K.L.:
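Have a look at this one before I ask anything.
Side-chain atoms are counted along with the backbone in the values below, which use heavy atoms only and exclude waters and symmetry mates. Just so you know, these numbers come straight off a predicted model, no measurement behind them.
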Amino acid sequence: MAGSVVTSEDGRILLCKRAIEPRRGFWTLPAGFMELGETVEEAAMREAKEEACADIRINGLLATYSVPRIGQVQIMFRATLASDIAPGPESLETELVAWK
């Protein structure tokens, strides 16, 4: 699974309100499963586009999480927003929120 913590120029963070299960209606970072043949960076960029209509620039690795209870390795990147945002088909809403 790959995802990103996307920030705007003023330091706000991109969140998406899920339109699909699991956890429909919950706010989350843009993330999802990799497709065959893509890199983790490409997956993170694709997920930001699918969920928030966002073009992003990957700035580097943020964290890697091992989640054995669900059989996942999650790789998160720092990224910068390079476009406007809007809900994609997998999101009910998108928002840039302050860290606090």
K.L.:
Can you give me the closest heavy-atom contact between Ala52 and Cys16, atom names plus distance?
P.N.:
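In this case the closest contact between Ala52 and Cys16 is CB-SG, 3.9 Å.
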K.L.:
Taking 4.0 angstrom as the limit, do Arg46 and Glu42 come out as a salt bridge?
P.N.:
no
K.L.:
Return the minimal non-hydrogen interatomic distance between Met76 and Leu61, and the atom names on each side.
P.N.:
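Taking Met76 first and Leu61 second, the nearest heavy atoms are O-CD1, 3.5 Å.
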K.L.:
Are Ile56 and Leu15 connected, step by step, through hydrophobic side chains (Ile, Leu, Val, Met, Phe, Trp, Tyr) whose heavy atoms are closer than 4.5 Å?
P.N.:
no
K.L.:
Checking Arg12 now: which residues fulfil side chain to side chain contact (heavy atoms under 4.5 Å, CB included) with it, not counting sequence neighbours?
P.N.:
Ser8, Asp10, Leu96
K.L.:
Could you tell me which non-hydrogen atom of Asp55 sits nearest to which non-hydrogen atom of Ser83, and how far apart they are?
P.N.:
N-OG, 2.8 Å
K.L.:
With a 4.5 Å cut-off on side-chain heavy-atom distances among I, L, V, M, F, W and Y, is there a chain of contacts connecting Ile58 to Leu81?
P.N.:
yes
K.L.:
Is there side-chain contact between Val73 and Thr64, with heavy atoms separated by less than 4.5 Å?
P.N.:
yes
K.L.:
Kindly work out whether a path of hydrophobic side-chain contacts (I/L/V/M/F/W/Y, heavy atoms less than 4.5 Å apart) joins Leu62 to Met1.
P.N.:
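Not linked; separate clusters.
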K.L.:
How far does CZ of Phe77 sit from CD of Glu41, to the nearest 0.5 angstrom?
P.N.:
4.0 Å
K.L.:
I need the Trp27 CH2 to Thr94 OG1 distance, nearest 0.5 Å.
P.N.:
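It comes to 7.0 Å.
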K.L.:
Return yes when atom CD of Glu21 has more than 12 non-hydrogen atoms of other residues, nucleotides or ligands closer than 6.0 Å, and no otherwise.
P.N.:
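Yes, the 6.0 Å shell around CD holds more than 12 heavy atoms from other groups.
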K.L.:
If I take atom CG from residue Leu92 and atom CD from residue Glu51, how far apart are they, to the nearest 0.5 angstrom?
P.N.:
11.5 Å
K.L.:
Given the rule that I, L, V, M, F, W and Y join up when any side-chain heavy atoms are under 4.5 Å apart, are Tyr65 and Val5 in one cluster?
P.N.:
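Shared cluster, yes.
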K.L.:
State, to 0.1 Å, how close Ala43 and Met34 come at their nearest heavy-atom pair, and which atoms those are.
P.N.:
CB-CG, 3.7 Å
K.L.:
Do you know the tightest heavy-atom contact between Phe33 and Glu47?
P.N.:
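Here Phe33 and Glu47 meet closest at O-OE2, 3.7 Å.
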K.L.:
In the single-linkage hydrophobic clustering (I, L, V, M, F, W, Y; side-chain heavy atoms under 4.5 Å), do Leu29 and Trp99 co-cluster?
P.N.:
yes
K.L.:
Between Ser91 (side chain only) and Arg18 (backbone N and O only), is there a donor and an acceptor less than 3.5 Å apart?
P.N.:
no
K.L.:
Between Glu95 and Val97, is there a donor-acceptor pair closer than 3.5 Å when you use the side chain of the first and the backbone of the second?
P.N.:
no
K.L.:
Quick check against the 3.5 Å criterion: does Glu38 have a side-chain atom that pairs as donor or acceptor with the backbone of Glu35?
P.N.:
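Between the backbone of Glu35 and the side chain of Glu38 there is a qualifying donor-acceptor contact (under 3.5 Å).
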K.L.:
Mark yes or no for whether Arg78, through its side chain, and Gly60, through its backbone, hold a donor-acceptor pair below 3.5 Å.
P.N.:
no
K.L.:
Quick one: pull up OG in Ser4 and CG in Leu14 and give me the separation to the nearest 0.5 Å.
P.N.:
7.0 Å
